[in-house]
Novice: 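Got a structure for you, questions after.
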Amino acid sequence: MQLHPDVERVLVSQEELAEINKRLGEQITRDFKGKNIIVLGILKGCIFFMTDLVRNINLPLSIDFMAVSSYGSGTRSSGRVKITKDVDIDLDGFDVILVEDILDSGNTLKYVSDILKTRGANSITIVTLLDKKERRVADIKADYVGCDVPDEFVVGYGLDYNQQYRNLPYIGALKRSVYE
Ligand code: IMP
Ligand code: MG
């Protein structure tokens, strides 16, 4: 696989992504036995991670999506979060597994999980593929983490810059020259 010319280096390879999905899927399968699961993806970044993850969860479950916007065209969160697509399914009585591509400042997930807490869910669990811990501002922690990433702008496997690069099959660090 040739590296995209805008990518500085690969941070998480396709093989590592497959291992992460297997590990998290097995953990969730163990931890959620007997629960009334709904896996709720935050669009659009979650798409590949979520579809790979749920196929590693060996339990009955429903899936749904929410879309929120918090980023403009830059590389920093605006802090203003807006729901642009809400869930279709009534969350009452469900154990919600919230699936996010990356936990950065934490503003997005804090906002979303606070809203979901008012919707009658039994429990809310946060799964993030990537965790940029250094940049956390909001008081929020993921329950399941694929892997930590350094404070660099990353793209691929669902993650974008200006809506591009989502289709790269690996997670790569975007060259600074692309966004500076
Ligand atoms: P937060 O609200 O700052 O935690 O930002 C969360 C959202 O910002 C994520 O769901 C991503 O969509 C986006 N984001 C944060 N860091 C990156 C990155 O390095 N690459 C691509 N998107 C990012
Ligand atoms: Mg996102």
Side-chain angles (χ1 to χ4, degrees), residues 3-14 16-17 20-21 24 28 38-54 63-87 96-118 124-180:
L3 198 61
H4 189 288
D6 293 346
V7 169
E8 183 73 52
R9 66 188 196 288
V10 174
L11 292 176
V12 193
S13 69
Q14 277 180 270
E16 287 165 331
L17 288 167
I20 286 170
N21 286 317
L24 294 180
I28 290 169
I38 183 161
V39 179
L40 185 53
I42 317 259
L43 293 169
K44 305 168 196 163
C46 74
I47 50 172
F48 302 112
F49 176 44
M50 169 141 162
T51 53
D52 285 340
L53 178 67
V54 291
I63 64 174
D64 202 355
F65 296 97
M66 261 176 107
V68 298
S69 68
S70 61
Y71 265 59
S73 59
T75 58
R76 291 289 187 241
S77 168
S78 64
R80 292 184 306 271
V81 185
K82 199 175 90 202
I83 294 181
T84 56
K85 185 225 168 290
D86 210 334
V87 287
V96 178
I97 301 179
L98 207 49
V99 179
E100 175 68 303
D101 51 359
I102 185 166
L103 192 45
D104 187 28
S105 72
N107 290 328
T108 307
L109 271 184
K110 174 83 178 121
Y111 180 84
V112 170
S113 61
D114 282 353
I115 284 180
L116 295 182
K117 280 179 192 151
T118 68
I124 297 167
T125 299
I126 295 175
V127 184
T128 187
L129 173 62
L130 305 175
D131 196 352
K132 238 191 236 180
K133 290 204 175 73
E134 281 169 60
R135 305 226 325 130
R136 196 65 32 81
V137 178
D139 178 21
I140 190 128
K141 219 172 118 261
D143 300 289
Y144 299 87
V145 176
C147 68
D148 291 340
V149 282
D151 184 9
E152 289 178 67
F153 202 78
V154 300
V155 292
Y157 195 62
L159 290 111
D160 74 304
Y161 174 67
N162 276 349
Q163 300 300 330
Q164 292 294 310
Y165 311 106
R166 291 194 199 273
N167 58 323
L168 300 182
Y170 51 81
I171 305 278
L174 192 63
K175 285 184 181 164
R176 285 185 172 275
S177 57
V178 177
Y179 58 88
E180 276 180 356

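One-based numbering, in listed order, for ligands and for the atoms of each. Below, all heavy atoms of this structure are taken into account, side chains as well, without hydrogens, waters or symmetry copies.
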Novice: Among K132, R9, R176, whose side-chain hydrogen bond (donor to acceptor under 3.5 Å, both in side chains) with E152 holds?
Specialist: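 The passing option is R9.
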Novice: Taking atom NZ of K141 as the centre, report whether more than 12 heavy atoms of other residues, nucleotides or ligands fall under 6.0 Å from it.
Specialist: no
Novice: What part of D101, side chain from CB on, backbone N/CA/C/O, both or neither, has a heavy atom under 4.0 Å from ligand 1?
Specialist: side chain
Novice: Check ligand 1 against D104 and write out every atom of the ligand that is under 4.0 Å from a heavy-atom position of the residue.
Specialist: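 It comes down to these atoms of ligand 1: 1 (P), 3 (O), 4 (O), 5 (O), 15 (C), 16 (N).
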Novice: Considering only heavy atoms, does E152 approach ligand 1 within less than 4.0 Å through its side chain, its backbone, both, or neither?
Specialist: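 Contact part for E152 vs ligand 1: backbone (N, CA, C, O).
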Novice: For I38, give me all partners under side chain to side chain contact (heavy atoms under 4.5 Å, CB included), at least two apart in sequence or on another chain.
Specialist: S62, D64, I89, L91, F94, V96
Novice: Counting from 1, what ligand 1 atoms have a heavy atom of G106 closer than 4.0 Å?
Specialist: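 Here the atoms of ligand 1 in question are 1 (P), 3 (O), 4 (O).
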Novice: Is the closest side-chain heavy-atom distance between L3 and Y170 below 4.5 Å?
Specialist: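 Side-chain contact under 4.5 Å: yes.
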Novice: Under a heavy-atom criterion of less than 4.0 Å, does V81 contact ligand 1?
Specialist: no
Novice: Side chain or backbone of L159 under 4.0 Å from ligand 1, or both, or neither, by non-hydrogen atoms?
Specialist: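 It is the side chain that gets close, since no backbone atom is under 4.0 Å.
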Novice: Could you tell me which residues satisfy ring pair (Phe, Tyr, Trp, His ring centres under 6.0 Å) with Y165, sequence neighbours excluded, listed by chain and number?
Specialist: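 For Y165, the residues satisfying ring pair (Phe, Tyr, Trp, His ring centres under 6.0 Å) (neighbours in sequence not counted) are H4.
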Novice: Any N or O on V154 sitting closer than 3.5 Å to an N or O of ligand 1?
Specialist: yes
Novice: Could you list which atoms of ligand 1 come closer than 4.0 Å to a heavy atom of T108?
Specialist: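 Here the atoms of ligand 1 in question are 1 (P), 2 (O), 5 (O), 6 (C).
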Novice: Which of the atoms of ligand 1 are close to S105, meaning less than 4.0 Å from one of its heavy atoms?
Specialist: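 Checking each atom against S105, I get 1 (P), 2 (O), 3 (O), 4 (O).
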Novice: Is V155 close to ligand 1, meaning an N/O of one under 3.5 Å from an N/O of the other?
Specialist: no
Novice: Would you say the side chain of V12 lies within less than 4.5 Å of the side chain of L129, judging by non-hydrogen atoms?
Specialist: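 They are not in contact (no side-chain heavy atoms under 4.5 Å apart), so the answer is no.
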Novice: Show me which atoms of ligand 1 lie under 4.0 Å from any heavy atom of K132.
Specialist: 16 (N), 17 (C), 18 (C), 19 (O)
Novice: May I ask you to list the atoms of ligand 1 that are less than 4.0 angstrom from any heavy atom of N107?
Specialist: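 Those of ligand 1 that fall under 4.0 Å from N107 are 2 (O), 4 (O).
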Novice: Atom CZ in R136, atom CG in D131: separation rounded to 0.5 Å?
Specialist: 4.5 Å
Novice: Check whether any side-chain heavy atom of F49 lies under 4.5 Å from a side-chain heavy atom of N21, and answer yes or no.
Specialist: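 Of all side-chain heavy-atom pairs linking N21 with F49, at least one is under 4.5 Å.
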